[in-house]
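Each chain gets a letter, A, B and so on, in the order its sequence line appears, and its residues count up from 1.
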Protein chains: 6
Amino acid sequence: MRHSGRAGDELRPLHAERGYTKHAEGSVLIGFGDTRVLCTATVEEKTAPFLRGSGQGWITAEYSMLPRATHTRISREAAKGKIGGRTHEIQRLIGRSLRAAIDLKALGERTIWLDCDVLQADGGTRTASITGACLALAEAIDGLLQRGVLTTSPWRHWVAAVSVGIVAGDAVLDLDYAEDSSAEVDLNLVMTDTGHFVELQGTAEGDPFSAGQMADMLLLGRKGIDEIIAFQQQVFPAWSVPAR
Amino acid sequence: MRHSGRAGDELRPLHAERGYTKHAEGSVLIGFGDTRVLCTATVEEKTAPFLRGSGQGWITAEYSMLPRATHTRISREAAKGKIGGRTHEIQRLIGRSLRAAIDLKALGERTIWLDCDVLQADGGTRTASITGACLALAEAIDGLLQRGVLTTSPWRHWVAAVSVGIVAGDAVLDLDYAEDSSAEVDLNLVMTDTGHFVELQGTAEGDPFSAGQMADMLLLGRKGIDEIIAFQQQVFPAWSVPAR
Amino acid sequence: MRHSGRAGDELRPLHAERGYTKHAEGSVLIGFGDTRVLCTATVEEKTAPFLRGSGQGWITAEYSMLPRATHTRISREAAKGKIGGRTHEIQRLIGRSLRAAIDLKALGERTIWLDCDVLQADGGTRTASITGACLALAEAIDGLLQRGVLTTSPWRHWVAAVSVGIVAGDAVLDLDYAEDSSAEVDLNLVMTDTGHFVELQGTAEGDPFSAGQMADMLLLGRKGIDEIIAFQQQVFPAWSVPAR
Amino acid sequence: MRHSGRAGDELRPLHAERGYTKHAEGSVLIGFGDTRVLCTATVEEKTAPFLRGSGQGWITAEYSMLPRATHTRISREAAKGKIGGRTHEIQRLIGRSLRAAIDLKALGERTIWLDCDVLQADGGTRTASITGACLALAEAIDGLLQRGVLTTSPWRHWVAAVSVGIVAGDAVLDLDYAEDSSAEVDLNLVMTDTGHFVELQGTAEGDPFSAGQMADMLLLGRKGIDEIIAFQQQVFPAWSVPAR
Amino acid sequence: MRHSGRAGDELRPLHAERGYTKHAEGSVLIGFGDTRVLCTATVEEKTAPFLRGSGQGWITAEYSMLPRATHTRISREAAKGKIGGRTHEIQRLIGRSLRAAIDLKALGERTIWLDCDVLQADGGTRTASITGACLALAEAIDGLLQRGVLTTSPWRHWVAAVSVGIVAGDAVLDLDYAEDSSAEVDLNLVMTDTGHFVELQGTAEGDPFSAGQMADMLLLGRKGIDEIIAFQQQVFPAWSVPAR
Amino acid sequence: MRHSGRAGDELRPLHAERGYTKHAEGSVLIGFGDTRVLCTATVEEKTAPFLRGSGQGWITAEYSMLPRATHTRISREAAKGKIGGRTHEIQRLIGRSLRAAIDLKALGERTIWLDCDVLQADGGTRTASITGACLALAEAIDGLLQRGVLTTSPWRHWVAAVSVGIVAGDAVLDLDYAEDSSAEVDLNLVMTDTGHFVELQGTAEGDPFSAGQMADMLLLGRKGIDEIIAFQQQVFPAWSVPAR
């Protein structure tokens with residue numbers, strides 16, 4: 001029994017509020033339990049510098065925590081004048097993950113910026129960010145199609161992410177902060193609606209883990225991903241069958 | 001008639017949601033129309049370096065906009081590696097303003113950090129920040145009193161802020177983004193529940209303004225401040241008569 | 001009686017040395033008592049990036065203190081690698097103030113940089129900077145007219161600045177460092193030769209101040225501004241009657 | 001057949017030169033084919049700040065490429081004034097990986113810095129860095145034991161890393177730069193001499209990959225890790241049977 | 001004949017104004033022709049970190065140009081966020097040079113900061129800085145002796161600097177900006193009142209130079225140094241015979 | 001007798017390994033005793049920004065120490081976010097020195113980057129860097145000639161560098177770290193194969209030095225330079241008689 005009363009293979013309650021802010025082309029407030037992330041998508045009508053002239057677009061992400069999203073206040077990276085290693089790692093992960101959702105050639109020479117700002121952190125901020133950013137991206141792509149900027153959908157897959165871990169010897173799904181702090185193994189999975197892997201990152205926090213433990217975690221993760229993608233498709237029903 | 005249909009002396013609808021996030025000692029989401037700012041207060045059990053040993057506490061503020069709070073995306077200051085002039089100016093203003101709310105000696109050797117993060121911007125983000133930060137500060141002080149950390153209240157005043165301006169020749173209250181962009185004069189007032197000034201900052205965007213225009217703006221501002229403070233006292237009724 | 005023997009409404013002795021350095025298009029060493037600021041104007045034949053193609057020019061300012069302008073040495077901002085909040089605030093104020101002196105369209109697509117470097121500080125460095133920068137700007141504009149680069153004068157107003165404050169309960173004009181350190185209220189006024197306001201910034205250092213106190217300070221400030229503008233016109237007599 | 005003539009499950013030639021530089025407590029030049037990394041270990045007699053008083057030590061890593069380690073020159077991060085995202089990600093990975101090699105309590109309150117400087121890059125610089133840093137760490141620990149600073153060995157595991165990928169549809173081991181550039185999937189494995197996982201990071205560069213492909217890659221990776229650890233034990237024979 | 005009419009071995013007119021600013025412990029405005037540098041000395045009652053507990057003091061220098069000291073405006077290093085290579089090189093040179101003037105043990109555990117701010121540049125700013133900083137240092141040391149903080153003088157030597165160069169084939173003394181720009185060789189000498197070398201730095205701007213040319217330049221430099229030291233002793237007559 | 005057993009006028013053993021890394025256009029690992037520097041040359045097909053359109057090329061240098069090149073680990077400048085004064089000074093010196101080796105007009109509008117990375121430091125890293133960079137530059141120029149990119153050689157001189165110093169009263173050649181730490185005078189010479197000076201930089205670490213001492217050091221330095229240039233010509237025999 002987990003401290004929250006959840007079963008080992010049970011996700012936290014998911015919620016998502018579309019159109020949370022009014023200026024962005026996509027804007028979703030996503031919640032995994034008490035973890036809440038504001039994900040926005042911004043469409044810029046030029047591609048990344050290294051892709052100019054290639055006919056291909058780009059998806060890039062930035063991630064940040066509000067200073068008091070956490071138990072104790074953390075300093076702003078702007079005040080420190082540099083972005084820390086953890087932030088770099090997470091925003092690179094989000095960007096890579098969401099590039100799998102889209103056919104970049106079909107997007108054309110434009111960039112979509114995905115901003116993930118954590119309003120409240122309770123474990124799993126990177127997986128919530130990927131899941132929410134995919135919804136914001138869907139809103140932005142939908143807008144491009146509605147406005148006729150794009151005539152063919154560049155959409156390839158729903159992409160969702162979840163964490164799995166070994167806590168007190170048991171494999172559990174979707175760790176909250178208390179579990180994350182005491183986990184022996186932490187594995188983040190990013191997968192598509194076809195059950196394929198986009199990214200997987202596993203770390204032994206204490207003792208190294210066995211192939212058997214990994215197999216257990218992968219099964220659990222797959223179950224979680226399927227439920228999260230079902231949730232995404234419910235939040236954004238128009239695309240439960242993607243256009244491409 | 002203003003583009004929004006408001007009368008010249010009419011505030012935008014005010015809203016405030018207390019306890020918006022769970023970790024901070026004070027946390028208020030304030031709205032002035034479509035401008036929404038998340039204000040949190042963090043209590044740190046040491047004072048500012050230059051006050052060590054003085055028995056006196058400190059109030060300091062940080063301000064930031066999420067990248068897509070605005071019509072077009074703005075780069076993160078963390079990514080640029082430095083805080084811009086406008087941000088510096090605003091966060092210094094918030095800090096000075098809120099220090100007027102509190103007797104720093106009665107606060108004792110602790111610091112209260114006020115973080116104002118703009119989720120959505122539609123003009124008046126600095127005045128909304130000050131007004132919301134005062135509510136978050138009240139929550140934090142209240143917690144210190146409830147937990148017995150403080151036995152005497154350091155509270156001195158409710159502090160609120162509002163903008164006034166000359167738009168198309170007329171003095172108007174609480175400018176939204178469209179008005180702010182075309183205002184000839186922009187005046188920000190920070191005042192207390194006793195009708196005194198904490199800060200006032202006026203700028204002629206176009207032609208310099210006369211003493212007469214300033215008198216008109218001050219009257220309008222006073223009316224707005226009174227209404228905003230009444231709103232604060234309704235959001236936080238326990239303190240409508242401050243303890244000190 | 002003030003510690004310096006001055007009357008409450010008395011300015012410190014003003015001095016100004018034109019052509020203080022030889023390379024700049026305008027160069028004035030201004031003194032308000034012991035406060036001495038070297039103000040230079042540099043004409044650059046391109047406008048600010050956001051004004052390209054608009055036909056309009058720009059005035060921008062930078063402000064700095066030499067490390068030993070003050071009682072104790074302060075670290076260079078270059079050595080710290082970033083510009084502090086106070087510097088940002090002051091240089092933005094100087095820029096905004098001086099843009100009121102000039103018709104930016106008549107200036108054409110060029111930038112005038114106003115550099116204010118404080119050689120010695122004894123209170124009121126920002127007001128001395130604005131007053132001196134206006135003289136340096138006049139020299140630079142005069143040069144553009146003399147050399148035929150401009151044929152119509154873009155000059156609109158003499159702009160001057162002064163501080164007023166409440167010290168030991170009394171309103172006093174042009175505070176020196178000792179007064180500034182103990183002032184209850186500090187109000188900086190930037191005004192034109194027509195008696196209009198360009199900027200006003202008032203701050204309660206201790207208790208908030210009343211509307212009555214503000215009225216007193218505004219009167220005192222107006223008297224000071226008139227004397228300072230008379231001084232500017234004497235230093236630069238050609239323009240006592242501006243061309244426009 | 002791979003472009004280099006290697007079989008799909010064949011590592012590049014491994015070489016290692018111990019004591020490559022004379023000042024460091026551990027210093028190994030490691031080569032995986034044409035990839036060459038100088039790995040040094042520095043012992044510092046104080047632990048990380050957040051571990052002070054805990055009795056526990058720390059292992060941390062820094063990674064850098066010489067500007068002309070690559071086909072075209074890359075700018076130094078020192079000249080740009082900040083460390084890029086890729087560098088952050090890699091040096092965090094190296095640090096986490098090597099902390100699994102050591103019992104940090106048995107190390108006592110000291111820090112071991114592992115510096116991995118890539119002299120020549122031909123793919124797999126992060127896996128070569130981890131493998132070489134483990135040898136440099138062994139040298140440093142050995143020195144602490146020899147000099148009697150430590151009396152019990154804190155050594156837990158040999159740690160090695162290798163990349164596996166899908167190139168042109170086939171799973172291949174230990175990708176060089178040409179293969180890495182065209183790989184569809186890139187998986188980095190960090191494992192111990194007991195065949196357990198310390199880290200695994202897989203990324204789909206093109207299409208997402210299936211569970212079956214991952215199983216193939218894990219088998220291949222395990223074979224490579226076993227050979228690399230045998231190589232480590234030959235380079236540092238004293239520890240083929242670790243002390244703990 | 002030089003463009004200025006000076007003879008090849010003739011210095012520019014020297015001037016020095018002592019006590020130019022009032023707060024610093026030493027403050028001298030030095031002029032070598034049109035080159036003008038404000039040199040201040042600040043006494044801090046603690047030594048450099050690496051000398052704590054050694055009983056020894058430290059002399060350190062900082063150098064900067066006002067943005068419009070030069071023909072065209074140069075950006076502030078504070079605005080760029082870093083100190084350039086040329087500035088670093090010059091301030092390290094000034095520091096090393098002036099440490100030769102003082103017995104650091106006799107100074108005791110204090111630091112003297114020498115700030116050299118170039119108000120107007122016309123060639124030779126580094127040599128003027130060293131020469132002026134020596135005068136500011138003398139003022140500061142004199143103050144320490146007068147106030148009884150020091151009872152024995154730590155003074156060892158007058159230190160002065162001058163440039164010599166090969167311009168159009170001829171060796172010339174004390175180059176101004178026009179000469180410096182076209183010089184084939186540029187040699188800076190820092191010497192003591194005993195005719196010994198503290199520093200010498202020679203650079204071939206075009207063709208490398210011969211031992212014979214160097215001998216000519218050294219003779220010329222020695223003549224210049226003697227005249228400059230005589231000038232220093234006249235500006236600060238009390239110390240024409242140093243105390244030690 | 002020196003601590004190493006060398007005679008006063010004896011260089012440390014010199015070694016050089018050409019083609020040390022495979023990607024760079026020039027790549028030489030140079031050794032002066034235990035000091036080892038990896039010098040690479042990179043050819044970029046555009047000139048420095050300030051030379052565009054001039055038909056002239058540029059040579060620039062960067063210098064860095066690996067963190068554990070020294071007795072105790074030094075922090076990376078990338079981690080500190082800025083390049084220190086010593087590094088700036090050295091890389092400017094290397095760049096100026098090597099520009100003397102080449103006719104920049106004959107090089108055409110291209111830049112050659114010389115990267116000098118110190119793998120192991122035992123005194124004289126800057127002189128080893130200059131000497132090794134000249135060899136890497138020769139390799140790069142040779143490649144441009146071989147590939148027909150250049151048809152006329154821009155080569156002017158072999159450039160080499162050596163340190164001389166006064167240690168325990170005696171002039172000695174090519175100081176190692178132990179000697180450098182206790183030297184009274186440190187003089188670095190950069191000279192050509194024609195015996196002319198490119199740069200000379202002398203510093204009195206303790207007492208200022210006399211003209212006689214300088215003459216002794218110059219003689220010793222000349223002897224060392226001649227031997228080093230003979231060594232360069234042996235490492236790169238094709239150019240013992242330069243093409244120009």
Would you mind telling me which of A/Lys80, A/Arg73, A/Arg68 makes a salt bridge (Lys or Arg N to Asp or Glu O under 4.0 Å) with B/Glu62?
A/Arg73
Using heavy-atom distances under 4.5 Å, tell me whether B/Glu25 contacts chain A through its side chain, its backbone, both, or neither.
both
Does B/Leu66 reach the side chain of A/Leu66, with side-chain heavy atoms less than 4.5 Å apart?
yes
What part of B/Thr70 gets closer than 4.5 Å to chain A, counting heavy atoms only: side chain, backbone, both or neither?
backbone
The interface call for A/Thr42 against chain B, heavy-atom contacts under 4.5 Å, is both
In terms of heavy-atom proximity below 4.5 Å to chain A, should B/Ala69 be classed as side chain, backbone, both, or neither?
backbone
Answer whether the closest heavy-atom distance between the side chains of A/Thr72 and B/Glu44 falls below 4.5 Å.
no
With a 4.5 Å cut-off on heavy-atom pairs, point out which of A/Leu119, A/Thr87, A/Asp115, A/Asp122 contacts chain B the most.
A/Asp115
Quick check: closest heavy atoms across A/Thr21 and B/Arg36, and the distance to 0.1 Å?
CA-NH2, 4.3 Å
For the student: nearest non-hydrogen atoms of B/Ser64 and A/Arg76, plus distance
CB-NH1, 3.2 Å
If you count every heavy atom of other residues, nucleotides or ligands that lies below 6.0 Å from B/Phe231 atom CZ, does the total exceed 12?
yes
Nearest-0.5 Å distance that lies between atom CD in A/Gln120 and atom OG in B/Ser27:
8.0 Å
Is there side-chain contact between A/Asp117 and B/Pro67, with heavy atoms separated by less than 4.5 Å?
yes
Residue pair A/Ala121 / B/His23: nearest heavy atoms and the distance that separates them:
O-NE2, 2.9 Å
